[in-house]
Structure formats: structure tokens, C-alpha cells
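Have a look at the structure below before the remarks.
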Amino acid sequence: MTAADLATFIDQRKKELNAVILAHFYQPPEIQDIADFVGDSLQLAVQAAETDADIIVFCGVHFMAESAKILNPDKIVLAPVLDAGCPMADMVTGEQLRQWKREHPGYAVVTYVNSSAEVKAECDICCTSSNALNVVRSLPAEQPILFVPDRNLGAWINSQTGRGMELWPGYCPIHDQLTAQEIKEQLELHPEAVVVVHPEVSPEVAELADAVRSTAGILKYVQESSAREFIIGTEEGFIYTLQKHCPDKVFHLARSEFMCQDMKMIDLEVLAKALERREHQIEVPEEIRIRAVQSLQRMLAIAP
Ligand code: 13P
Ligand code: SF4
């Protein structure tokens, strides 16, 4: 089938099933173009919580589809590729978090949504990189906090809020590779450019940036900025989104290799097959879901 045939099939099948297609900003261009909604992980969680579709097809990585299922136990949530995961989410298990909590009685636990349902079930409130500062500020100033799993996002939150949260040593293998040297080299090549990075980068890199934002935050920043040229410190798929929304601006990826392989596993053929066969259905054990949903709902009640 040609790309046009696949797109026609996807559209028809979507209507037959009353399905909605949600896609993360890091998805390949053809998936972003065919999706009903493209966004960052917070925007996608909000869409998943509010949709009246019967089936949610989640083009992203596993924890995102799992969050949609936690919020919608009565809907079918499909992940077109079950193996598309987030290596950072796998850096802490429910048992490891339970042990860490035993070692820190009286601490609240804030969990980045890039985590499993079992880890979310062990925490007090979730956050994404869009709302992390407001989530942490919503906790009483004297409340000690454990933060899992991203040490880089956690360090950035600490630097902005002055809260000495204890940080789990997880990290995003893609964002963590970006070095301060690479930013300096890009700045030598493009001295007029404004540097905007995702908070999953290391603290040394965040310190060199003009702005640190979630993906949706980077888009908003770029749209509102009077600058024309930007050095972007996040996954390469996002350059497509930026260029689509801001065709008159120039974007330089902060490093030549900036790809999350897990985000590139879905293409039109895979998406068509997922809709045709209604696969792969995400399931979350109910005793985990009822605890995990509370931490997601507490997060959704807080403004980004
Ligand atoms: P956003 O919340 O900015 O979409 O980030 C999700 C993610 O996985 C970044 O690597
Ligand atoms: Fe996970 Fe990093 Fe990929 Fe985001 S870019 S999904 S944090 S591995």
C-alpha cells in the first residue's frame, strides 16, 4: 500500500472504531501529521483524560499509553508497538522505590510520569516537565521530598525552587549525552542563536541555556520570542514540529545524534495494523491502577 492508501485506511478505520490518535512531539513526521492531537506528555495525558472516543491509540512510548489506561479503565488503549519503552522509566522499579521510602520515613514522593504504573502507585503526586515546578511548589515548604526517576529534571527543579529534594539516579540516555562542549560549539557556529533545552539534560548544559522548558514549553517559547535562530536541546523529531509551526525561524539541533529510537518504532504501516487488529491493548492490574490514578489526578488538578 502507498502512504496515501495507508492514510485513507487509517482515517476510515479510526471513524469505524470511534478511535482517537494521540502522538508525542518526538514521533516521526507522518505520524504527527495523521494524529488527531500532537503534544507533550502533559497535554497528551489531559487529552486522554478528556476524550469521548471509545479507543485511544497512543503513538509514543509505553508509559504514556499506560497513563492513558490508568486514567481510562473502561476504554481500550492501544500501543501500536509494545516494545517501544522509555529506558529512563525502567531505571526504577516499584520494589526499589518501596525500599527507598522505607529508608526515608516522612518523605513525600514526586514521580516523573516517565515511570511505570507500579512506581506511580507508590508515589504521592506525579509531574511532567511542564508542570514540575508547580507540582513541587504545591507541597508544604517544610515537606522533605524524594524524586524519581530523573536526576537531571530533579536537579533542575531543585535549582529553581530551592527545595533540596533527594534524587533517584535515573536519567534519559538521549538527553544526558548532550555536553556543555557541544552547546559551546553550536554557539560558535551560530552566535546569534538562543539556546533552549529540555530539563532532562545535565545541570552543566541547563546552566548554559537561555531557557529550560518541556517540549510544549519550547514551542511556546520559540513562538513568543523575537529571536530568529535557536539551538534546540531535545530529541530531533521535535525540530519537525518547530519548523511546521514557525516556518520563518531557523533551528539547529544541539548535537548531531539526538534520536530516541523507541519514539521511532511506529510508522503508517504499524499504525494501520494496530487499528485493523485493535492491538496491542494495554492492561494495568486494578489494585495498581487505583493507587496510580490518584497521583495522576493530583497532578492534573495543578496548573502547568
Ligand atoms: P515532554 O513532557 O516534554 O513531552 O517530555 C517527555 C519526554 O519523554 C522527554 O524525553
Ligand atoms: Fe524516555 Fe528519553 Fe526517549 Fe523521552 S527521549 S522517551 S525520556 S528515553
Side-chain angles (χ1 to χ4, degrees), residues 20-26 35-79 86 88-89 92 94 97 108-140 143 145-150 153-154 156-157 160-161 163 165 198-200 213-220 282-304:
V20 64
I21 300 175
L22 306 183
H24 189 266
F25 284 134
Y26 297 162
D36 297 295
F37 188 85
V38 186
D40 73 353
S41 44
L42 179 62
Q43 293 170 326
L44 295 173
V46 170
Q47 287 292 320
E50 291 177 353
T51 184
D52 52 15
D54 295 319
I55 298 184
I56 300 170
V57 187
F58 217 115
C59 299
V61 291
H62 192 271
F63 77 82
M64 297 178 176
E66 196 175 56
S67 294
K69 182 66 183 177
I70 292 169
L71 291 163
N72 291 284
D74 300 330
K75 291 189 196 293
I76 292 175
V77 177
L78 303 179
C86 168
M88 170 163 58
V92 63
L97 179 51
V109 181
V110 178
T111 295
Y112 191 25
V113 286
N114 296 42
S115 53
S116 67
E118 202 192 345
V119 166
K120 289 182 178 78
E122 291 296 332
C123 83
D124 295 287
I125 187 164
C126 288
C127 74
T128 75
S129 50
S130 272
N131 59 17
L133 298 181
N134 284 348
V135 164
V136 169
R137 286 180 180 133
S138 75
L139 300 173
Q143 173 64 59
I145 301 171
L146 300 177
F147 186 82
V148 286
D150 187 1
L153 175 61
W156 178 72
I157 299 169
Q160 301 301 300
T161 61
R163 303 285 291 251
M165 298 188 302
H198 195 277
E200 288 174 9
R213 297 282 189 282
S214 69
T215 45
I218 296 175
L219 176 58
K220 185 163 182 279
I282 300 291
E283 298 298 344
V284 179
E286 188 60 8
E287 89 274 7
I288 291 178
R289 193 197 71 78
I290 50 174
R291 289 187 291 133
V293 77
Q294 292 179 23
S295 44
L296 279 172
Q297 280 168 346
R298 281 187 204 117
M299 169 188 89
L300 292 174
I302 288 175

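Along the sequence shown, residues are numbered consecutively beginning with 1.
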Point-to-point distance, once rounded to the nearest 0.5 Å, from CG of Asn72 to CD1 of Ile282: 13.0 Å
Taking Asp124's backbone N and O only, do any of them form a donor-acceptor pair with Arg298's side chain (distance below 3.5 Å, no angle check)? yes
With side chains defined as the heavy atoms from C-beta onward, is the minimum distance between Val136 and Gln160 less than 4.5 Å? no
Considering all heavy atoms, the nearest Leu219-Phe25 contact: CD2-CZ, 4.3 Å
Leu44 and Phe58, any side-chain heavy atoms less than 4.5 Å apart: yes
Ignoring hydrogens, what is the shortest heavy-atom contact between Cys126 and Leu296? Give both atom names and the distance. SG-CD2, 4.0 Å
Between the CD1 atom in Ile125 and the CG atom in Leu300, the distance rounded to the nearest 0.5 Å is 9.5 Å
Using a 4.5 Å cut-off on heavy atoms from C-beta on, say whether the side chain of Val148 contacts that of Glu122. no
If I compare all heavy atoms of Leu22 with all of Gln47, which pair ends up nearest, and what's the gap? CD2-CB, 4.1 Å
Donor-acceptor pair, Arg163 side chain versus Gln143 backbone, under 3.5 Å? yes
So does Glu66 pair up with Lys69, basic N to acidic O under 4.0 Å? no
For Leu153 and Ala132 the tightest heavy-atom approach is CD1-CB, 4.5 Å
So CZ of Phe37 and CD1 of Ile21: to nearest 0.5 Å the spacing works out to 14.0 Å
Quick check: closest heavy atoms across Ile76 and Leu78, and the distance to 0.1 Å? CG2-CD2, 3.6 Å
Going from CD on Glu118 to CG on Leu97, what distance comes out if it is rounded to the nearest 0.5 angstrom? 9.0 Å
Here the gap from Asn114 atom CG to Cys127 atom SG, rounded to the nearest 0.5 Å, amounts to 9.0 Å
Are the side chains of Val61 and His24 in contact, using a 4.5 Å heavy-atom criterion? no
Step-by-step side-chain contact (heavy atoms from CB on, under 4.5 Å) determination, Met299 to Leu42: CA-CA 9 Å; Met299 169 188 89; Leu42 179 62; 3.8 Å; yes
Lys220 vs Arg213 side-chain heavy atoms within contact, under 4.5 Å: no
Any side-chain heavy atom of Thr51 within less than 4.5 Å of one from Asp36? no
With a 4.5 Å heavy-atom cut-off, do Lys120 and Val113 have their side chains touching? yes
Quick one: pull up CG in Leu146 and CE in Met165 and give me the separation to the nearest 0.5 Å. 10.0 Å
With Ser129 via side-chain hydrogen bond (donor to acceptor under 3.5 Å, both in side chains) - residues at least two apart: His198
Please name the pair of heavy atoms, one in Ala121 and one in Arg291, separated by the smallest distance, quoted to 0.1 Å. O-NH1, 3.4 Å
